[in-house]
K.L.:
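Have a look at the structure that comes next, please.
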Amino acid sequence: MEDIVVSAPGKVILHGEHAVVYGKVALASALNLRTFLRIRKKNDGKISLNLPNIDIKASWEIQNLKNSLQLPLCDPLKPNCVENEVLDQLKVIAGISPDSTQTTDLALIAFLYLMGSITVTSGDLPSIEVTVSSNLPISAGLGSSAGYSVCLAASLLQLNGFIGSQGSEDTAGWSKDDMVLINSWAFQGEKIIHGNPSGIDNSVSSYGGAIRFQSGKITPIEKMPKLRILLINTKIPRSTKTLVAGMRDLYNTLPNVMQPILDSTEAVTEKCQSVLAQLVNDGTDENYKILEKLIDINQHLLEAMGVGHPALNTIVMLTCKYGLHSKLTGAGGGGCAFTLLRPDTAEDKITNIKKELNMLGYDCWETSVGANGVSRHLDLNSTSFPSNLL
Ligand SMILES: Nc1ncnc2c1ncn2[C@@H]1O[C@H](COP(=O)(O)OP(=O)(O)OP(=O)(O)O)[C@@H](O)[C@H]1O
Ligand SMILES: C[C@@](O)(CCO)CC(=O)[O-]
Ligand SMILES: [Mg+2]
């Protein structure tokens with residue numbers, strides 16, 4: 001069997017993070033930074049997993065997995081969430097302490113769950129080596145967990161013939177129905193890593209482009225102007241699972257206080273979408289001013305949700321000095337922020353901002369929004385792969 005190589009993009013949430021977990025609308029766009037996964041067939045009676053980004057290498061004897069698990073863990077065509085009992089079993093198999101709070105450990109559990117559900121043909125497991133390598137910063141708010149889950153879902157479903165990629169050039173995609181199956185399995189992976197995800201991250205990573213997302217409904221945004229943004233990584237590590245759980249506690253303690261904040265966040269998102277549609281034909285100052293105001297307001301609303309961080313405030317103040325507006329993106333609590341650049345923002349201004357941010361130890365790079373969703377790579381030795389994937 002030839003290797004299977006797939007990749008899936010990270011994302012930027014423009015507006016609506018956290019509120020989207022409560023059924024509010026959110027806007028997200030795929031990012032041109034990707035996670036890559038390679039499956040290589042082996043004959044050593046083992047299933048091996050290499051995760052260089054998080055320094056994890058693991059290997060399991062197939063016979064041991066078959067002895068200790070009731071396979072398949074779930075019907076491959078009916079993606080469903082794991083029961084706690086199965087999760088505990090997988091933790092034992094992965095050698096993880098039952099009370100570990102390490103988010104990195106959850107990558108192993110997500111792999112074992114998807115593998116134990118999807119790749120069981122006639123009660124047997126294939127001997128494979130799986131390597132995952134990403135250009136995305138991990139745990140920084142740019143959807144690395146979704147990129148990981150989408151790659152796992154697509155490659156394992158493809159390996160076992162539950163989906164069939166189409167395309168003969170360098171890259172291939174899947175049919176509408178196949179995409180639904182990929183996205184639903186990726187959502188199960190996100191559930192294991194996140195706890196209670198809305199599904200926006202795996203959806204934008206699966207489908208790519210820019211999407212409007214609400215309660216599982218994915219609507220591609222057709223009228224999307226070419227936005228220039230500066231992405232800034234504070235490098236302050238955080239876990240989405242912890243931040244989402246913290247916001248849940250706050251909501252449960254003060255529902256009448258938090259509900260209007262979520263309503264207000266949704267109003268920001270709706271207004272942003274309508275201004276973006278206008279911007280396609282009318283890139284006037286007035287429209288940009290509204291977008292900037294919405295960024296300021298949402299940043300404050302997110303602070304009120306308890307997911308801010310002093311480093312994020314520093315970015316807001318620093319970019320404000322240059323007349324630019326920034327907000328956190330993703331779960332917050334550190335991680336990444338973005339700054340909206342105008343079409344005519346001068347290069348020397350951006351250079352100076354980058355210099356100041358670098359001096360604070362933050363990484364920053366200019367990017368545009370919108371990228372292809374999950375793809376299969378048919379050129380197995382492409383130079384665009386991260387070096388540790390070859
Ligand atoms: N390339 C990768 N290799 C292995 N595990 C990964 C990889 N990328 C993400 N993960 C898993 O996802 C976890 C990080 O997910 P988390 O949701 O906390 O952050 P994020 O997805 O980067 O940010 P956000 O959810 O705010 O967009 C890691 O600890 C690991 O379990
Ligand atoms: C914080 C959150 O809204 C976005 C994380 O990228 C969580 C989610 O929607 O699952
Ligand atoms: Mg995540």
Side-chain angles (χ1 to χ4, degrees), residues 4 6-9 11 20-21 23 28 35 37 39 47 49 65 69-91 93-94 106-126 128 130 132 143-166 173-208 211 213-219 240-241 244 373-376:
I4 293 176
V6 299
S7 71
K11 57 89 229 234
V20 69
V21 175
T35 296
L37 180 153
I39 297 184
I47 289 176
L49 180 65
L65 289 175
L69 291 170
Q70 182 143 18
L71 296 169
L73 300 172
C74 170
D75 181 343
L77 296 175
K78 294 199 180 98
N80 205 349
C81 194
V82 283
E83 289 156 27
N84 276 341
E85 207 179 294
V86 180
L87 272 189
D88 289 344
Q89 242 181 325
L90 295 181
K91 279 190 181 163
I93 289 170
L106 299 173
L108 287 174
I109 308 299
F111 171 76
L112 285 172
Y113 186 66
L114 265 67
M115 203 262 319
S117 300
I118 300 172
T119 64
V120 188
T121 346
S122 357
D124 221 341
L125 290 165
I128 49 174
V130 176
V132 185
S144 72
S145 62
Y148 177 71
S149 298
V150 171
C151 281
L152 280 182
S155 61
L156 295 176
L157 287 165
Q158 178 71 37
L159 173 74
N160 223 41
F162 289 113
I163 56 173
S165 60
Q166 303 163 350
W174 289 271
S175 69
K176 249 183 168 178
D177 287 349
D178 286 356
M179 288 298 295
V180 170
L181 192 60
I182 294 173
N183 194 34
S184 328
W185 267 115
F187 185 47
Q188 307 310 317
E190 278 284 84
K191 278 191 193 163
I192 293 172
I193 298 174
H194 271 206
N196 181 25
S198 62
I200 188 172
D201 291 2
N202 51 280
S203 298
V204 72
S205 180
S206 293
Y207 291 96
I211 62 164
F213 183 95
Q214 185 165 31
S215 304
K217 184 163 181 258
I218 305 158
T219 316
T240 300
K241 185 176 183 169
V244 169
V374 61
S375 311
R376 178 169 180 193

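Only this structure's heavy atoms are used, side chains among them; waters, hydrogens and symmetry mates stay out.
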K.L.:
Show, in sequence, the C-alpha distance, side-chain angles and deciding distance for Ile93 and Leu108, and conclude whether the side-chain contact (heavy atoms from CB on, under 4.5 Å) test is met.
P.N.:
CA-CA 10 Å; Ile93 289 170; Leu108 287 174; over 6 Å; no

K.L.:
With sequence neighbours excluded, what pairs up with Asn196 under the side chain to side chain contact (heavy atoms under 4.5 Å, CB included) test?
P.N.:
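For Asn196 the side chain to side chain contact (heavy atoms under 4.5 Å, CB included) partners, ignoring immediate neighbours, are Val21, Arg248.
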
K.L.:
Would you give the length of the straight line joining atom OG of Ser117 to atom CG of Leu69, rounded to the nearest 0.5 angstrom?
P.N.:
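Reported to 0.5 Å precision, the distance equals 9.5 Å.
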
K.L.:
In the structure I gave you, are the side-chain heavy atoms of Lys191 and Pro197 within less than 4.5 Å of one another anywhere?
P.N.:
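Answer yes - side chains close enough.
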
K.L.:
Could you tell me which residues satisfy salt bridge (charged side-chain N to carboxylate O under 4.0 Å, His left out) with Lys176, sequence neighbours excluded, listed by chain and number?
P.N.:
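Once residues adjacent in sequence are excluded, Lys176 has no partner under the salt bridge (charged side-chain N to carboxylate O under 4.0 Å, His left out) criterion.
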
K.L.:
I'd like to check the side chain to side chain contact (heavy atoms under 4.5 Å, CB included) partners of Ser184; sequence neighbours left out, ordered by chain and number.
P.N.:
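Applying side chain to side chain contact (heavy atoms under 4.5 Å, CB included) to Ser184 gives Pro79, Val180.
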
K.L.:
Does Asp178 reach the main-chain N or O of Gly164 with its side chain, forming a donor-acceptor pair under 3.5 Å?
P.N.:
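At least one qualifying donor-acceptor pair exists.
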
K.L.:
At their closest point, which heavy atom of Gln188 faces which heavy atom of Asn80, and how far apart are they?
P.N.:
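The answer is OE1-C, 3.0 Å.
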
K.L.:
Can you check whether Gly189's main-chain N or O pairs, donor with acceptor, with Tyr113's side chain at less than 3.5 Å?
P.N.:
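Absent.
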
K.L.:
Are Leu37 and Ser7 close enough that some pair of their side-chain heavy atoms sits under 4.5 Å apart?
P.N.:
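No, their side chains stay 4.5 Å or more apart.
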
K.L.:
Take Phe213 and Thr219, measure what side-chain contact (heavy atoms from CB on, under 4.5 Å) needs, and give me the verdict at the end.
P.N.:
CA-CA 6 Å; Phe213 183 95; Thr219 316; over 6 Å; no

K.L.:
If I take atom OG from residue Ser149 and atom CD1 from residue Ile192, how far apart are they, to the nearest 0.5 angstrom?
P.N.:
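Between Ser149 OG and Ile192 CD1, I get 8.0 Å after rounding to 0.5 Å.
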
K.L.:
Do Ile39 and Leu156 touch side chain to side chain, with heavy atoms closer than 4.5 Å?
P.N.:
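Yes, at least one pair of side-chain atoms sits under 4.5 Å.
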
K.L.:
Rounded to the nearest 0.5 Å, what's the gap from CG on Leu87 to CD1 on Ile109? Could you check?
P.N.:
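Rounded to the nearest 0.5 Å, the CG-CD1 separation comes to 7.0 Å.
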
K.L.:
Donor-acceptor pair, distance only, cut-off 3.5 Å: does the side chain of Asn160 make one with the backbone of Ile118?
P.N.:
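Side chain of Asn160 to backbone of Ile118: a pair is present.
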
K.L.:
For the atom pair OG (Ser203) and OH (Tyr207), what is the distance rounded to the nearest 0.5 Å?
P.N.:
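Reported value, rounded in 0.5 Å steps: 7.0 Å.
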
K.L.:
Within the 4.5 Å heavy-atom criterion, are Trp185 and Asn202 side-chain neighbours or not?
P.N.:
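Result no, sub-4.5 Å side-chain heavy-atom pair not found.
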
K.L.:
Does the side chain of Ser145 pick up a donor-acceptor pair with the side chain of Glu190 at under 3.5 Å?
P.N.:
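Short answer, yes.
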
K.L.:
How far does OG of Ser205 sit from OH of Tyr148, to the nearest 0.5 angstrom?
P.N.:
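Answer rounded to 0.5 Å: 13.5 Å.
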
K.L.:
Donor-acceptor pair, distance only, cut-off 3.5 Å: does the side chain of Ser155 make one with the backbone of Ala153?
P.N.:
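A pair under 3.5 Å: no.
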
K.L.:
For Lys241 and Leu106: C-alpha separation, side-chain torsions, deciding distance, then whether side-chain contact (heavy atoms from CB on, under 4.5 Å) applies.
P.N.:
CA-CA 11 Å; Lys241 185 176 183 169; Leu106 299 173; 4.1 Å; yes

K.L.:
Apply side chain to side chain contact (heavy atoms under 4.5 Å, CB included) to Gln158 and list each qualifying residue two or more places apart in sequence or on a separate chain.
P.N.:
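Gln158: side chain to side chain contact (heavy atoms under 4.5 Å, CB included) contacts with Ile4, Ile163, Ser165, Trp174, Arg376.
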
K.L.:
Check each of Val130, Thr119, Leu112, Leu125 against Ile47 using the side-chain contact (heavy atoms from CB on, under 4.5 Å) test, and report the only one that passes.
P.N.:
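For Ile47, the side-chain contact (heavy atoms from CB on, under 4.5 Å) test succeeds with only one of Val130, Thr119, Leu112, Leu125, which is Leu125.
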
K.L.:
Check the pair Cys151, Val132 against side-chain contact (heavy atoms from CB on, under 4.5 Å), reporting the backbone distance first and the verdict last.
P.N.:
CA-CA 8 Å; Cys151 281; Val132 185; 5.5 Å; no

K.L.:
If I compare all heavy atoms of Ala154 with all of Val374, which pair ends up nearest, and what's the gap?
P.N.:
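Looks like CB-CG2, 3.8 Å.
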
K.L.:
Excluding sequence neighbours, so at least two apart, what forms salt bridge (charged side-chain N to carboxylate O under 4.0 Å, His left out) with Asp177?
P.N.:
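Residues passing salt bridge (charged side-chain N to carboxylate O under 4.0 Å, His left out) with Asp177: none at all.
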
K.L.:
Give a yes or no answer on whether the side chain of Asp75 reaches the backbone of Leu77 with a donor-acceptor pair at less than 3.5 Å.
P.N.:
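It does hold such a pair.
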
K.L.:
Just jot down the side chain to side chain contact (heavy atoms under 4.5 Å, CB included) partners of Ser206, sequence neighbours excluded, or say none.
P.N.:
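Partners of Ser206 under the side chain to side chain contact (heavy atoms under 4.5 Å, CB included) test: Val150, Met179, Ile182, Asn183.
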
K.L.:
Nearest 0.5 Å please: distance from the CE atom of Met115 over to the CG atom of Leu71.
P.N.:
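Met115 atom CE to Leu71 atom CG measures 7.5 Å (nearest 0.5 Å).
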
